[in-house]
Amino acid sequence: MDHAVEKEYQTPFELIDGKVVMMSPRPRVRHVQVAARIANLFDQKLRGKRCTALPDGVDLILDEKNHFIPDAMIVCDPDKIKDTCVEGAPDLVVEVLSPSTAKRDRGDKAKAYAQAGVRVYWIVSIETRSIEVYHNEEGRFELAQVYTYYSEADRARNAELLEEHREEEADMPYTIPIELDSGFDITLADIFEN
């Protein structure tokens, strides 16, 4: 095999608390789609604003022991965006769960993000079509809200059940407010529909 071609297929890795952790070489299509949709929505909402949206594939160096490749992020301090990476804590980080990464995304990586000063952390589950939004409270993440997407078909199938719980359904948020320097909302349907 040509060495240049071989290089293209090297397995990416992250550094978590000083330990090298191999990443999945080929994420599932739905994982890529959801991560791309989120990054694109962030990008559309932030054009011309101070904060910048960055997609999957951008290296993030939190400190010498923690180098990650988040699925999406928003950085409001332009000095943190370098030519080849982001150095320092982004304002918002998104991780889309995979069976092989869920424990790290909820554990060591979440802890490193919180301690570095990431303000908002999203854990996205494709299986449950939900987004857990965590806010940083003095160096640790506190769950602020869980947003779950239900399509029109889901709601129609569950109409009887929803009739019994009409108040609860009315309280279910279908948009996620992004409360950074440039505030905006993201609609769950734009992420999970189809």
Side-chain angles (χ1 to χ4, degrees), residues 23-24 26-58 60 68-76 86 90-106 109-110 113-114 118-136 141-194:
M23 295 176 67
S24 175
R26 296 273 188 260
R28 294 193 166 119
V29 170
R30 289 191 314 162
H31 180 115
V32 174
Q33 286 177 316
V34 166
R37 284 179 183 173
I38 292 169
N40 287 335
L41 289 165
F42 287 170
D43 184 58
Q44 288 169 21
K45 302 281 186 173
L46 290 170
R47 284 203 188 131
K49 306 266 186 351
R50 183 170 175 263
C51 298
T52 302
L54 297 166
D56 186 12
V58 176
L60 168 61
F68 301 148
I69 305 172
D71 290 309
M73 59 183 146
I74 294 175
V75 180
C76 296
V86 170
D91 293 83
L92 187 151
V93 170
V94 176
E95 292 288 1
V96 178
L97 296 178
S98 301
S100 62
T101 66
K103 185 176 178 188
R104 286 193 301 269
D105 290 341
R106 291 182 181 284
K109 286 175 75 173
Y113 284 139
V118 170
R119 289 163 56 187
V120 181
Y121 183 44
W122 284 18
I123 294 180
V124 180
S125 170
I126 296 167
E127 298 309 314
T128 61
R129 294 185 297 185
S130 66
I131 299 175
E132 298 168 21
V133 176
Y134 294 85
H135 290 167
N136 196 323
F141 286 129
E142 292 288 332
L143 181 63
Q145 179 72 44
V146 178
Y147 298 86
T148 303
Y149 173 67
Y150 295 100
S151 68
E152 290 297 327
D154 293 334
R155 288 196 291 262
R157 276 194 299 274
N158 294 323
E160 260 181 57
L161 179 63
L162 288 177
E163 197 56 50
E164 294 171 24
H165 301 283
R166 184 62 57 200
E167 278 179 34
E168 288 175 30
E169 200 251 346
D171 291 342
M172 293 181 82
Y174 290 99
T175 60
I176 304 175
I178 311 296
E179 297 162 356
L180 298 175
D181 295 0
S182 309
F184 60 91
D185 291 343
I186 295 290
T187 304
L188 287 170
D190 290 338
I191 297 170
F192 292 113
E193 209 159 65
N194 304 323

Side chains of C51 and D91: does their closest heavy-atom pair fall under 4.5 Å? no

Heavy-atom check, side chain of V120 versus side chain of H135, under 4.5 Å: yes

Whether R50 side chain and C76 backbone form a donor-acceptor pair below 3.5 Å: yes

Is there a side-chain contact (heavy atoms from CB on, under 4.5 Å) between T128 and T148 once you walk through the steps? CA-CA 7 Å; T128 61; T148 303; 5.7 Å; no

Output the distance between atom CG (L41) and atom CD1 (I186), rounded to the nearest 0.5 Å. 4.5 Å

From CA spacing to verdict: side-chain contact (heavy atoms from CB on, under 4.5 Å), I69, D56: CA-CA 7 Å; I69 305 172; D56 186 12; 3.6 Å; yes

Just by modelled atom types, is the A53 backbone N or O under 3.5 Å from a matching donor or acceptor in the D43 side chain? no

Hey, would you say the F68 and Y113 ring centroids sit under 6.0 Å apart? yes

Kindly indicate, with the supporting measurements, whether the criterion side-chain contact (heavy atoms from CB on, under 4.5 Å) is fulfilled by R106 and L97. CA-CA 9 Å; R106 291 182 181 284; L97 296 178; 3.5 Å; yes

Heavy-atom donor-acceptor pair, D105 side chain to E95 backbone, under 3.5 Å: no

Beyond-backbone contact of P90 with I74, side-chain heavy atoms, under 4.5 angstrom: no

To the nearest 0.5 angstrom, please state how far the OG1 atom of T175 sits from the OH atom of Y147. 7.5 Å

At what distance, to the nearest 0.5 angstrom, does CZ of F192 lie from CD of Q33? 12.0 Å

Scanning both residues in full, the closest heavy-atom pair of A110 with F141 reads O-CE1, 3.1 Å

Can you see whether E132 engages Y134 through a side-chain donor-acceptor pair at a distance of less than 3.5 angstrom? yes

Side-chain heavy atoms of P177 within contact of Q145, under 4.5 Å: no

Heavy atoms only: give me the nearest L46-T52 pair and the separation to one decimal. CD1-C, 4.2 Å

Residue pair M73 / V86, side-chain heavy-atom distance below 4.5 Å: yes

Closest non-hydrogen atom pair, V96 against D71: N-OD2, 2.6 Å

Taking the side chain from R37 and the backbone from E193, do they hold a donor-acceptor pair closer than 3.5 Å? yes

Shortest non-hydrogen separation from A39 to L54 and the atoms involved: CB-O, 4.5 Å

Residue pair D181 / R119: nearest heavy atoms and the distance that separates them: OD1-NH1, 3.6 Å

How far does OH of Y149 sit from OH of Y174, to the nearest 0.5 angstrom? 9.5 Å

Euclidean distance, I126 CD1 relative to S98 OG, rounded to 0.5 Å: 7.0 Å

So CG of D190 and CG of D185: to nearest 0.5 Å the spacing works out to 11.0 Å

